[in-house]
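A quick write-up on the structure given underneath.
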Amino acid sequence: MSEEFVLLAKSTRGSGCVKLINDCIEKPGVFHFTELLQQPTIQQLQNTEFDQSFKLLQLFCFGTLHDLKVQISPLQMHKLRQLTLVSLANQNAVLQYNDLLQSLQLSNIRELEDLIMDSVYSGIVKGKMDQKHSRFMVEDSISRDLQLGDLDTVKNQLEGWIENANQILETLDAQAKKITSDAQQREREKLLFSNKLKEARSDTHMDKRERQKAARR
């Protein structure tokens with residue numbers, strides 16, 4: 001989130017906030033908007049003649065192209081397509097071109113690949129375009145703005161991840177202990193075998209000497 005818009009929002013009212021929202025949405029490189037949305041002067045736009053601009057900012061915070069209900073500028077449409085791509089990349093490791101064309105409301109592969117490349121250059125997604133199989137292989141992506149209701153979901157996901165990680169650590173620890181125990185058992189068996197071999201060789205030498213003495217007698 002660009003600090004300049006947050007600072008300007010503190011001293012801007014009404015239609016000035018509408019322009020501020022549009023400028024923020026359209027600015028290249030800005031993909032998070034929650035901090036601006038939370039400013040009191042922006043919150044005051046709700047249920048006024050400027051309510052549509054407030055809802056538009058909410059859309060860019062939390063929504064996707066599927067949620068769009070009004071006309072927006074070409075720059076805003078491009079930004080919303082990028083944010084929609086980020087949302088899809090957060091949920092899927094492989095994005096099929098046909099699905100992306102539909103979700104991003106694009107008419108051809110060229111437009112889609114241009115959008116993907118622009119998004120990669122912007123640093124909001126990372127991955128490889130597999131043109132042979134018509135898909136985008138996601139390696140990483142930025143996170144979207146979170147609503148308060150999403151925090152519980154994130155908390156549950158983190159707790160689940162921690163639990164899984166602990167289970168994996170317990171399994172690895174048990175395997176490590178078993179490997180150590182097995183190695184120690186092999187060493188004991190090796191030592192026992194070595195001792196028995198020495199005893200056997202010693203007995204063989206003794207028997208040989210006894211036979212040689214008996215032969216001399």
Side-chain angles (χ1 to χ4, degrees), residues 1 29-35 38 61-64 82-100 102-104 112-113 115-217:
M1 176 66 218
V30 177
F31 296 97
H32 295 99
F33 309 93
T34 299
E35 193 174 355
Q38 293 173 342
C61 281
F62 315 120
T64 66
Q82 287 184 306
L83 291 169
T84 301
L85 176 61
V86 168
S87 292
L88 294 170
N90 285 339
Q91 300 167 5
N92 304 277
V94 179
L95 297 172
Q96 301 293 335
Y97 277 10
N98 285 339
D99 295 334
L100 288 175
Q102 182 176 357
S103 297
L104 302 177
L112 173 61
E113 291 187 336
L115 179 75
I116 292 173
M117 285 189 292
D118 186 43
S119 299
V120 170
Y121 292 146
S122 297
I124 59 175
V125 295
K126 183 180 179 182
K128 296 179 181 178
M129 288 186 290
D130 182 357
Q131 295 175 322
K132 181 179 180 180
H133 298 97
S134 298
R135 60 188 182 181
F136 179 58
M137 312 297 292
V138 179
E139 296 175 3
D140 196 12
S141 61
I142 64 170
S143 60
R144 293 289 307 274
D145 287 308
L146 288 176
Q147 300 185 71
L148 290 178
D150 294 332
L151 294 179
D152 288 337
T153 301
V154 173
K155 179 176 177 289
N156 292 335
Q157 290 174 340
L158 289 175
E159 288 175 347
W161 182 88
I162 291 172
E163 183 178 351
N164 290 336
N166 287 334
Q167 291 176 352
I168 292 171
L169 289 174
E170 289 175 1
T171 301
L172 291 175
D173 185 55
Q175 291 176 345
K177 288 179 179 178
K178 186 177 187 305
I179 290 171
T180 301
S181 176
D182 290 346
Q184 291 172 344
Q185 179 63 26
R186 286 194 297 271
E187 285 297 319
R188 287 193 292 269
E189 292 173 352
K190 182 179 178 181
L191 180 60
L192 180 61
F193 176 78
S194 177
N195 290 336
K196 288 184 176 180
L197 183 60
K198 288 179 181 178
E199 291 176 1
R201 286 174 177 172
S202 178
D203 291 343
T204 300
H205 290 317
M206 290 179 65
D207 290 344
K208 183 177 180 181
R209 286 197 295 270
E210 290 296 328
R211 287 195 297 271
Q212 287 174 344
K213 289 179 181 179
R216 285 197 292 271
R217 288 197 295 268

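Just so you know, residue 1 is the first one in the sequence shown, and it goes up from there. Heavy-atom basis, side chains included; hydrogens, waters and symmetry copies ignored.
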Heavy-atom pair with the smallest gap, counting every atom of [X] and [Y]:
| X | Y | answer |
| --- | --- | --- |
| Leu85 | Leu104 | N-CD2, 4.0 Å |
| Ala89 | Val125 | CB-CG1, 4.2 Å |
| Gly123 | Ile142 | O-CG2, 3.6 Å |
| Ser143 | Asn90 | CA-ND2, 4.2 Å |

Just jot down the side-chain contact (heavy atoms from CB on, under 4.5 Å) partners of [X], sequence neighbours excluded, or say none.
| X | result |
| --- | --- |
| Lys126 | Glu139, Asp140 |
| Asp182 | Lys178, Arg186 |
| Asn98 | Leu101 |
| Leu192 | Lys196 |

Query raised in the report: Roughly how far, to the nearest 0.5 Å, is the NE2 atom of His32 from the CG atom of Leu83?
Result: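 It is 8.5 Å, given to the nearest 0.5 Å.
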
**Report entry** Rounded distance [0.5 Å steps], CD in Gln184 versus CD1 in Ile179
**Finding:**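 One gets 12.0 Å once the value is rounded to the nearest 0.5 Å.
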
Test side chain to side chain donor-acceptor pair (under 3.5 Å) applied to [X] - qualifying residues, sequence neighbours left out:
| X | value |
| --- | --- |
| Lys190 | none |
| Gln185 | Arg188, Glu189 |
| Asp130 | His133, Arg135 |
| Thr84 | none |

Requested in this report: State whether a side-chain donor-acceptor pair under 3.5 Å links Glu113 with Tyr97.
Outcome: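 Yes, Tyr97 and Glu113 have a side-chain donor paired with an acceptor closer than 3.5 Å.
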
Is any side-chain heavy atom of [X] closer than 4.5 Å to a side-chain heavy atom of [Y]?
| X | Y | result |
| --- | --- | --- |
| Asn92 | Asp99 | no |
| Phe136 | Leu88 | no |
| Met129 | Val120 | no |
| Phe31 | Val86 | no |

Query raised in the report: Short question: side chain of Thr180, backbone of Ala176 - any donor-acceptor pair under 3.5 Å?
Result: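 Side chain of Thr180 to backbone of Ala176, a donor-acceptor pair under 3.5 Å: yes, one is there.
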
Query - Flag, side chain of Arg144 to backbone of Gly63, donor-acceptor distance under 3.5 Å - result: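 Pair found, side chain donor or acceptor close to backbone of Gly63.
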
